[in-house]
Amino acid sequence: NGARDEARVGFYAPNFELPDLSAWTLRGGELELGPTSVRYGLFGLFQIGSRFALNLFGALNAEAKWTIYAGEPVGVSVEGGLLRFDPELVGIDNDFDVWAFPVAMRVSGRPNDAVRLHGAIEFLSARSNNEASDTVRRIQRYLGPVGKLAAHVGAEWRFTSHLGLLVELEAPLIRHVSTFRFPGEDDFVDFMRAKLSLQLVYESLNVRIGGGYGPSFLGQAGLFPVVELALRLY
């Protein structure tokens, strides 16, 4: 029981990392379950998951991540996913459908127990048979990077064993084609995205709350909320 309690205590538990931001995966046998997504850590620093809330809207998707190097100070991972959006899957008669394939390479560093630094190159390949709908643009901004090719940097400051501050910045290296842009979006600045949030880790409960500015599931560049809730079951 002592080892189990130590694993549940918070940020400073052995090998506890944030699987969506860092290069490290969930630990083997660990399940992260939230209202919108699920992730599961397999053996060999490999995890699988899905944003299952999107499936309810006809956006079937899955993702996988593998930490190919897991040194003590540095980790490197590759990840990929697929998404198939077809409104007819949920009974909506529409002639639009799209395949999308987000991929990324991530590098994370641990300068000390309290600080994490993250960097990534993200790529989104998407093909549609028609002009993207408003729904697809919003899904893409929820699931993928800020551009077809984008750079993503982030930092964590774990100022207590249960509370941390997260800062993230994304910038496009190649913008999306006009098919996936809202009217009037032209400048690279329109696609930069910044987030500032607090992360609470207590027992199995993980809560992230904050805000950001840039393109998001709400549409064009503007303020948006960051609210995430998950249980990490060990």
Side-chain angles (χ1 to χ4, degrees), residues 1-41 45 47 49 51 65 67 69-77 79 104-122 142 145-146 150-171 192-214 216-218 222-234:
N1 289 337
R4 182 178 176 84
D5 290 340
E6 184 182 16
R8 294 166 65 92
V9 68
F11 270 124
Y12 298 132
N15 299 317
F16 182 95
E17 302 295 345
L18 300 178
D20 61 322
L21 180 58
S22 77
W24 293 287
T25 64
L26 293 171
R27 296 168 289 188
E30 190 173 7
L31 175 69
E32 183 182 82
L33 180 62
T36 61
S37 64
V38 60
R39 297 184 180 95
Y40 184 68
L45 300 176
Q47 76 178 33
R51 311 291 180 96
K65 179 179 179 181
T67 302
Y69 177 77
E72 181 57 34
V74 176
V76 180
S77 72
E79 61 185 70
M105 173 172 280
R106 304 190 183 278
V107 178
S108 292
R110 294 187 274 220
N112 54 55
D113 287 343
V115 175
R116 299 290 187 272
L117 302 175
H118 311 292
I121 295 294
E122 303 171 327
Y142 173 71
V146 292
H152 185 170
V153 295
E156 302 174 45
W157 176 36
R158 303 176 173 187
F159 52 88
T160 77
S161 61
H162 298 290
L163 201 61
L165 180 68
L166 309 183
V167 180
E168 299 175 65
L169 177 65
E170 294 176 83
M192 294 185 69
R193 182 161 57 199
K195 299 179 187 176
L196 180 65
S197 55
L198 288 173
Q199 178 86 22
L200 170 69
V201 179
Y202 188 78
E203 296 287 328
S204 295
L205 180 65
N206 285 248
V207 179
R208 187 177 305 175
I209 185 167
Y213 182 85
S216 72
F217 58 91
L218 297 180
L223 295 172
F224 61 87
V226 174
V227 181
E228 296 182 24
L229 170 67
L231 294 176
R232 286 180 69 162
L233 308 175
Y234 309 98

**Report entry** Verdict with supporting geometry, Asn206 and Leu231, side chain to side chain contact (heavy atoms under 4.5 Å, CB included)
**Finding:** CA-CA 6 Å; Asn206 285 248; Leu231 294 176; over 6 Å; no
Query raised in the report: Do Asp20 and Glu228 pass the side chain to side chain contact (heavy atoms under 4.5 Å, CB included) test, and can you show the C-alpha distance, the side-chain angles, and the key distance before you say yes or no?
Result: CA-CA 11 Å; Asp20 61 322; Glu228 296 182 24; 4.2 Å; yes
Query raised in the report: Got more than 12 heavy atoms from elsewhere within 6.0 Å of CG, Asp113?
Result: no
Query raised in the report: Do Met192 and Leu169 have side-chain heavy atoms sitting under 4.5 Å apart?
Result: yes
Query raised in the report: Glu30: what forms a salt bridge (charged side-chain N to carboxylate O under 4.0 Å, His left out) with it, not counting sequence neighbours?
Result: Arg27, Arg232
Query - Any side-chain heavy-atom pair of Phe159 and Leu198 under 4.5 Å - result: yes
Query - NZ/NE/NH1/NH2 to OD/OE distance under 4.0 Å, Arg116 and Glu156 - result: no
Requested in this report: Report the residues that fulfil side-chain contact (heavy atoms from CB on, under 4.5 Å) with Ala155, sequence neighbours left out, ordered by chain and then residue number.
Outcome: Leu117
Query raised in the report: Is the shortest heavy-atom distance from the side chain of Leu18 to the side chain of Arg208 under 4.5 Å?
Result: yes
Report task. Taking all non-hydrogen atoms of both residues into account, name the closest pair between Leu223 and Leu218 and its distance. Result -> O-CD1, 3.7 Å
Query - Distance in Å, Leu165 CG paired with Thr160 OG1, rounded so as to fall on 0.5 Å steps - result: 11.5 Å
**Report entry** Derivation and outcome, side chain to side chain contact (heavy atoms under 4.5 Å, CB included), residues His152 and Leu21
**Finding:** CA-CA 9 Å; His152 185 170; Leu21 180 58; 4.2 Å; yes
Requested in this report: Test side chain to side chain contact (heavy atoms under 4.5 Å, CB included) on Lys65 and Arg39 and set out the steps.
Outcome: CA-CA 10 Å; Lys65 179 179 179 181; Arg39 297 184 180 95; over 6 Å; no
Query raised in the report: Hey, what do you get for CG (Leu26) to CD (Gln47), rounding to the nearest 0.5 Å?
Result: 4.5 Å
Query raised in the report: Can you find a pair of side-chain heavy atoms, one from Val153 and one from Val167, that are under 4.5 Å apart?
Result: no
Query raised in the report: Can you find a heavy atom in the side chain of Leu205 that is under 4.5 Å from one in the side chain of Leu229?
Result: yes
**Report entry** Flag side-chain contact, heavy atom, 4.5 Å: Arg106 against His118
**Finding:** no
Report summary line: ring-ring contact (aromatic ring centres under 6.0 Å, His included) with His162: of Phe16, Tyr202, Phe11, only one passes, and it is Tyr202
